[in-house]
2 protein chains.
Amino acid sequence: MNKQILLKERPEGLPTASTWSLNNAEIPALADGEILIKNEYISLDPAMRGWLRDVRSYIPPVGINEVMRAGSLGRVVKANNHPKFKEGDVLVGTGGVQQYVVSNGKGFLKVEEGNRPLTEYLGVLGMPGMTAYFGILEVGELKDGETVVVSGAAGAVGSVVGQIAKIKGCKVIGIAGGKAKCDYLVNELGFDAAIDYKSDNIYAAIKEHCPKGIDVYFDNVGGEILDAALSRLAMHARIVICGAISQYNNTEKVSGPSNYMSLLVNRASMKGMVVFDYASRYHVAREQMEIWLNEGKLKSQEDIYEGIENFNDTLLRLFDGNKQGKLILKVSED
Amino acid sequence: MNKQILLKERPEGLPTASTWSLNNAEIPALADGEILIKNEYISLDPAMRGWLRDVRSYIPPVGINEVMRAGSLGRVVKANNHPKFKEGDVLVGTGGVQQYVVSNGKGFLKVEEGNRPLTEYLGVLGMPGMTAYFGILEVGELKDGETVVVSGAAGAVGSVVGQIAKIKGCKVIGIAGGKAKCDYLVNELGFDAAIDYKSDNIYAAIKEHCPKGIDVYFDNVGGEILDAALSRLAMHARIVICGAISQYNNTEKVSGPSNYMSLLVNRASMKGMVVFDYASRYHVAREQMEIWLNEGKLKSQEDIYEGIENFNDTLLRLFDGNKQGKLILKVSED
């Protein structure tokens with residue numbers, strides 16, 4: 001049997017247990033050219049909250065009673081004349097919150113085992129890592145020696161953004177919640193400074209750490225922190241809009257950045273990105289990131305929980321910040 | 001004597017009579033290399049409201065008891081060994097709200113009489129025209145055939161933005177207040193459509209007129225209209241942030257664009273501009289605009305009031321919309 005998490009009803013505010021139903025599905029027989037993947041891990045990402053919303057976006061919302069969409073890492077356990085994949089292959093893709101996937105293989109990529117720990121292919125070598133790489137280097141047009149501020153800095157995307165900026169010779173300030181995360185950014189990842197949004201005055205702290213202003217602000221959170229960053233832009237600054245996790249569970253209207261006229265004063269830009277646009281070059285980024293990982297220049301941390309039944313509780317850790325690094329759920333049972 | 005308008009106190013909300021004082025100053029003797037300019041016209045621009053605010057911006061605020069800053073057009077009535085300008089020259093610059101200026105000539109440009117009506121050098125051939133030209137073509141990266149929406153469309157900047165976009169083969173929708181202005185945009189300036197924000201549902205009207213979404217949104221107003229434009233962006237849209245007149249007299253916090261996450265969904269950008277950055281190429285733009293004016297492809301309208309004593313009342317027309325075209329005040333008295 002295949003345990004699946006289905007979307008039962010669209011949440012208002014934070015998802016709850018009643019947002020989901022646990023379904024036991026039979027695994028259908030494979031048609032010619034199909035594979036059966038046993039999901040080992042699924043990826044928990046802030047973007048998932050957006051996929052629950054019934055609005056026009058960069059991807060259709062998850063439908064009611066459909067399997068919840070999620071990035072996944074699994075192993076091919078059966079292949080019926082598949083042209084590309086065979087039994088035993090490890091694949092990453094969007095397998096959803098379930099234990100097994102039947103697929104024609106579209107959208108799945110094979111991972112070479114042995115290079116790096118497999119779970120890294122959901123984090124630093126997966127979507128979050130790709131987002132960080134293309135977001136900071138291309139959308140952010142990062143230049144050597146610039147001052148970079150990243151929010152959600154201890155998260156899967158933010159931690160990689162900051163480390164890439166350090167590799168590129170920038171001054172990097174991370175914004176995260178709590179002393180443990182801030183210490184991790186500075187002591188383990190080599191950030192120049194960290195701002196604890198739960199206890200520091202963000203405006204004052206940004207001013208202190210960015211005396212010449214912010215050249216690139218990489219935003220994962222929106223809200224008050226985006227406004228604070230806007231208040232300290234350097235001339236020709238770039239803001240990368242990658243996410244707005246502070247706003248995703250709002251039951252009221254999104255809080256727009258009231259300091260946006262700083263874009264005018266500083267001839268600055270604010271640009272949105274969706275990582276899928278860079279799919280044709282993921283392999284380039286992944287190769288570079290593997291080199292940096294093996295050289296020890298890039299560090300990765302995964303926070304792994306177990307049990308598909310714990311999906312909602314684990315998901316909520318994204319929003320209350322109670323996790324360290326890339327959030328992953330092990331859904332296989334043996 | 002030189003009648004001058006000085007800033008007496010910084011306004012909260014709309015400027016009032018008590019914001020200003022009228023001063024009669026003596027005209028000092030000219031030092032070597034100086035000129036005396038008799039101001040004929042001054043330009044009234046939304047940016048003036050920003051110059052009253054005591055905050056860090058692209059230009060220092062006007063000081064208390066200083067002559068109010070303003071663009072001006074005047075004639076040299078005396079020159080004391082000036083290397084560049086002589087008696088009778090017509091100059092545009094930032095002469096301020098006063099009847100005479102003593103200057104070393106820095107920042108002033110000579111206008112050739114006879115080509116075009118002089119007041120156009122404060123409008124379509126002045127700062128507003130330059131703002132429109134570089135804003136839509138360079139910041140907006142306008143491409144042939146795109147759908148362009150401009151707010152404040154009947155104003156000095158907006159009307160030129162829309163007309164340049166029409167010259168470049170785009171579909172142009174203007175947003176303005178009231179039927180007279182909307183009729184003017186469509187019937188006189190050749191816009192494809194106009195939206196009356198005072199009576200139309202802006203969201204529905206933008207949807208109707210931009211079935212494929214907005215490629216370039218040129219924003220002079222901010223607030224609700226910016227949010228409506230954000231809700232209908234096409235992929236890779238560009239938003240030019242030129243002004244936010246709806247917010248300039250706020251006594252509360254600026255209302256930020258709550259739909260800004262549309263930038264992410266549509267991989268769009270929002271970029272600020274300040275026209276002074278293009279000063280070295282004003283002559284290129286001005287030459288092109290004179291050609292378009294002479295060919296009848298570009299039309300200009302000035303709304304001219306008289307009397308330096310009427311400065312505040314005339315200024316308020318910017319904010320209540322009670323004017324048609326470029327707002328100018330004649331300050332000379334003969």
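We name chains A, B, ... by the order of the sequence lines, and we start the count at 1 in each one.
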Which heavy atom of [X] sits nearest a heavy atom of [Y], and at what distance?
X: Ser258(A); Y: Lys253(B); value: OG-CE, 3.3 Å
X: Leu264(B); Y: Ile241(A); value: CD1-O, 3.5 Å
X: Tyr260(B); Y: Pro257(A); value: CD2-CD, 3.6 Å

Let me confirm one number: the OG-CZ distance from Ser231(A) to Arg56(B), rounded to the nearest 0.5 Å.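 If we round to the nearest 0.5 Å, Ser231(A):OG and Arg56(B):CZ are 8.0 Å apart.
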Going from CE on Met261(A) to OH on Tyr58(B), what distance comes out if it is rounded to the nearest 0.5 angstrom?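 It is 8.5 Å, given to the nearest 0.5 Å.
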When you look at [atom1] of [X], are more than 12 heavy atoms from neighbouring residues, nucleotides or ligands closer to it than 6.0 Å?
X: Lys212(A); atom1: NZ; result: no
X: Lys171(B); atom1: NZ; result: yes
X: Glu12(A); atom1: CD; result: no
X: Lys143(A); atom1: NZ; result: yes
X: Lys207(B); atom1: NZ; result: no

Counting only non-hydrogen atoms closer than 4.5 Å, does [X] touch chain B with its backbone (N, CA, C, O), its side chain (CB onward), both, or neither?
X: Asp219(A); answer: side chain
X: Ala244(A); answer: both
X: Leu230(A); answer: neither
X: Met270(A); answer: both
X: Ser57(A); answer: both

Choice from Leu263(B), Asn266(B), Asn259(B) maximising heavy atom contacts with chain A below 4.5 Å: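 Option with the top pair count is Leu263(B).
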